[in-house]
Asks: 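Below is the structure I would like to discuss, written out as structure tokens.
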There are 2 protein chains.
Amino acid sequence: MPPRRRSPTDATESRSALLAATQRLMLEEGYAAVSSRRVAAEAGVNVALVYYYFDNMDELFIALYRHGAERNLERVEQALEDPQPLWRLWELTYDFSTNALAMEFMALGNHRRAIKAEIAAYSRKLRTLQIERFTSILEGYGVDLQRWPAASLILVMLGTSRFLQLEESFDVEIGHADTVAVIERQIRDLEGERQPVSKVATISLRRSS
Amino acid sequence: MPPRRRSPTDATESRSALLAATQRLMLEEGYAAVSSRRVAAEAGVNVALVYYYFDNMDELFIALYRHGAERNLERVEQALEDPQPLWRLWELTYDFSTNALAMEFMALGNHRRAIKAEIAAYSRKLRTLQIERFTSILEGYGVDLQRWPAASLILVMLGTSRFLQLEESFDVEIGHADTVAVIERQIRDLEGERQPVSKVATISLRRSS
DNA sequence: GTCTATAGCTGGATAGAC
DNA sequence: GTCTATCCAGCTATAGAC
């Protein structure tokens with residue numbers, strides 16, 4: 001393919017195009033494929049613009065991470081307002097693209113300090129929120145929190161779904177259906193049959209803010 | 001540091017040195033740090049030797065993966081012979097270096113076909129073995145396998161421990177102690193207090209082969 | 001804001017001497 | 001088996017014209 005040229009009228013969309021291209025590349029070819037040249041070509045933009053909009057490649061990654069993190073936090077908050085927060089959490093973490101991107105960032109953060117710090121800060125914030133809210137939700141369900149602390153249920157769900165997805169991206173699916181069935185049965189025991197996302201929740205969220 | 005020179009007498013240890021250096025680099029700095037030049041320097045060996053012993057970098061990675069995979073398979077088989085196989089599986093997957101390396105390989109395999117295929121093949125083989133053996137082990141414990149298929153217990157354990165470790169490598173540990181406590185309580189319910197690795201198991205394994 | 005041009009580095013891989 | 005030398009590609013980042 002020839003590099004996509006933007007129409008001359010789309011002004012300072014370049015920054016967004018670079019972010020979008022970075023995400024696309026990370027998902028399709030892994031973070032190692034994201035070089036200034038490739039991301040620029042993919043965005044249909046000149047290489048030098050990468051350094052005009054971002055101090056360096058790390059900053060580009062961090063900008064993308066923050067953007068995704070904010071969106072994800074909003075989705076989690078919305079899920080927590082839903083009448084079936086466990087079902088929503090499960091759906092959220094079983095969403096492929098979110099998860100795959102998170103994995104790429106973790107692999108990337110593994111050897112880049114600035115990115116590592118960013119991920120750690122966000123993860124702590126998110127986890128704290130999840131535990132706090134699920135503690136009262138599960139209490140409402142009559143769960144014995146001494147035996148089953150909210151943190152343990154959340155981490156088991158997150159860990160399992162991430163692991164299943166990781167394996168699935170390698171076309172390994174042995175035992176997955178059994179595992180999903182067990183987890184969904186446990187959720188059903190607490191929240192009943194899964195219902196579609198409640199629109200009421202979104203409205204009440206708006207009302208309360 | 002100056003590159004470590006080997007004593008002139010150590011003959012064809014170069015190959016092993018390269019493999020060891022690759023593993024060290026992957027663990028300490030991530031797979032992206034493994035270049036032919038760096039791995040050669042780290043092993044105290046000339047760059048050209050990398051291509052003498054391995055067709056290309058992918059083959060070097062695959063050779064290292066196979067070596068680790070074989071060793072791991074042996075350890076799993078030994079764990080399955082132990083009187084407390086669940087405890088042993090838990091310990092094995094909660095071992096840091098095994099896990100960290102596996103993660104690096106997965107990130108690497110994510111965008112290198114040859115490596116991806118290697119990981120997939122090994123994972124399927126390992127999972128099949130684990131499910132087969134744990135099905136009869138759990139049956140012996142009186143577990144209701146309809147409600148709790150062996151695969152689901154194994155995958156939840158593996159997924160959770162991997163996730164906890166991943167987070168811990170980012171210094172995020174919120175809720176981890178609670179989660180570990182819950183899982184270890186469940187194991188204790190089935191296998192009693194954790195005992196040190198049984199030597200008898202190793203002997204009986206030898207006898208039966 | 002966008003581009004060209006370029007410096008300076010690191011990478012994979014090979015040819016050929018010893 | 002081991003080494004030197006080398007080719008060529010791709011990368012980050014900057015200077016400076018427009």
Side-chain angles (χ1 to χ4, degrees), chain A residues 1-22 25-26 28-64 104 107-108 111-115, chain B residues 1-22 24-26 28-64 104 107-109 111-115:
Chain A
M1 293 179 274
R4 311 160 200 175
R5 296 306 271 50
R6 292 165 309 102
S7 62
T9 53
D10 66 25
T12 175
E13 306 264 307
S14 298
R15 205 188 114 103
S16 312
L18 286 169
L19 288 171
T22 304
L25 270 175
M26 284 180 86
E28 285 166 15
E29 305 185 36
Y31 72 85
V34 181
S35 65
S36 53
R37 284 165 148 83
R38 280 217 58 187
V39 87
E42 195 72 17
V45 144
N46 189 278
V47 205
L49 282 192
V50 175
Y51 298 97
Y52 176 77
Y53 286 108
F54 307 95
D55 282 356
N56 50 48
M57 289 304 288
D58 272 19
E59 291 301 315
L60 166 59
F61 281 119
I62 289 177
L64 177 63
E104 285 298 324
L108 180 60
H111 48 276
R112 302 233 205 158
R113 331 194 79 195
I115 292 165
Chain B
M1 300 180 268
R4 310 156 198 178
R5 295 306 271 47
R6 291 164 309 103
S7 61
T9 54
D10 68 23
T12 174
E13 307 264 308
S14 299
R15 205 190 114 103
S16 311
L18 285 168
L19 287 171
T22 303
R24 223 171 24 243
L25 270 175
M26 283 181 86
E28 286 166 16
E29 305 184 38
Y31 73 84
V34 181
S35 64
S36 53
R37 286 164 149 85
R38 278 217 60 186
V39 85
E42 195 72 17
V45 143
N46 189 279
V47 206
L49 282 191
V50 174
Y51 298 97
Y52 175 76
Y53 286 108
F54 306 95
D55 282 356
N56 50 49
M57 291 303 289
D58 271 19
E59 290 301 316
L60 166 60
F61 282 119
I62 288 177
L64 177 63
E104 285 298 325
L108 180 59
H111 50 277
R112 302 233 206 158
R113 331 193 79 197
I115 292 165

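Residue numbers start from 1 in every chain, and the chains themselves are labelled A, B, ... in the order their sequence lines are given, proteins ahead of strands. Since this is a predicted model, take the numbers as computed values, not measurements. Basis for what follows: all heavy atoms, side chains included, without hydrogens, waters or symmetry-related copies.
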Asks: Looking at CG of L64(B) and OG1 of T22(B), how far apart are the two atoms once the value is rounded to the nearest 0.5 Å?
Replies: 6.0 Å
Asks: At what angle, to 10 degrees, do the two end axes of the helix from dG1(C)-dC18(D) to dC18(C)-dG1(D) meet, given five pairs define each axis?
Replies: 0°
Asks: Between dT2(C) atom P and R15(A) atom CZ, what is the distance in whole Å?
Replies: 13 Å
Asks: Name the atoms and distances for all side-chain donor-acceptor pairs under 3.5 Å in residues 30-38 of chain B, with sequence neighbours left out.
Replies:
residue	atom	partner	partner atom	Å
Y31(B)	OH	Y31(A)	OH	3.4
Y31(B)	OH	H111(B)	NE2	3.3
S35(B)	OG	R38(B)	N	3.2
S36(B)	OG	Y51(B)	OH	3.3
R38(B)	NH1	E29(B)	OE1	2.8
R38(B)	NH1	E29(B)	OE2	3.3
R38(B)	NH2	E29(B)	OE2	3.1

Asks: Give a yes/no on whether any side-chain N or O of Y53(B) is located under 4.0 angstrom from OP1 or OP2 of dT2(D).
Replies: yes
Asks: In the structure I gave you, are the side-chain heavy atoms of R15(B) and L18(B) within less than 4.5 Å of one another anywhere?
Replies: no
Asks: Without decimals, in angstroms, what is the distance between Y52(A) OH and dG1(C) C1'?
Replies: 5 Å
Asks: Looking at every heavy atom in both A43(A) and A17(A), which two are closest together, and how far apart are they?
Replies: CB-O, 3.5 Å
Asks: Figure out the CD/P separation between E29(B) and dT10(C), and round it to whole Å.
Replies: 14 Å
Asks: With A48(A), which residues qualify under side-chain contact (heavy atoms from CB on, under 4.5 Å), at least two apart?
Replies: N46(A)
Asks: What integer distance in Å separates Y31(B):OH from dG11(C):C1'?
Replies: 15 Å
Asks: Please confirm whether the shortest side-chain N or O distance from N46(B) to OP1 or OP2 of dG1(D) is below 4.0 Å.
Replies: no
Asks: Can you check the E59(B) CD to dA13(C) C1' distance for me, whole Å?
Replies: 14 Å
Asks: For every nucleotide of nucleotides 12-18 of chain D, 5' to 3': is a protein heavy atom under 4.0 Å from its base (B), only from its sugar-phosphate (S), or from neither (-)?
Replies: BBB----
Asks: With N56(B), which residues qualify under side-chain contact (heavy atoms from CB on, under 4.5 Å), at least two apart?
Replies: D58(B), E59(B)
Asks: Under 4.0 Å from OP1 or OP2 of dG1(D): is there any side-chain N or O of S14(B) that close?
Replies: no
Asks: Measure from CZ on R112(B) to P on dG11(C) and round the result to the nearest Å.
Replies: 13 Å
Asks: Flag the pair L19(B) / Y53(B) as yes when at least one side-chain heavy-atom distance between them is below 4.5 Å, and no otherwise.
Replies: no
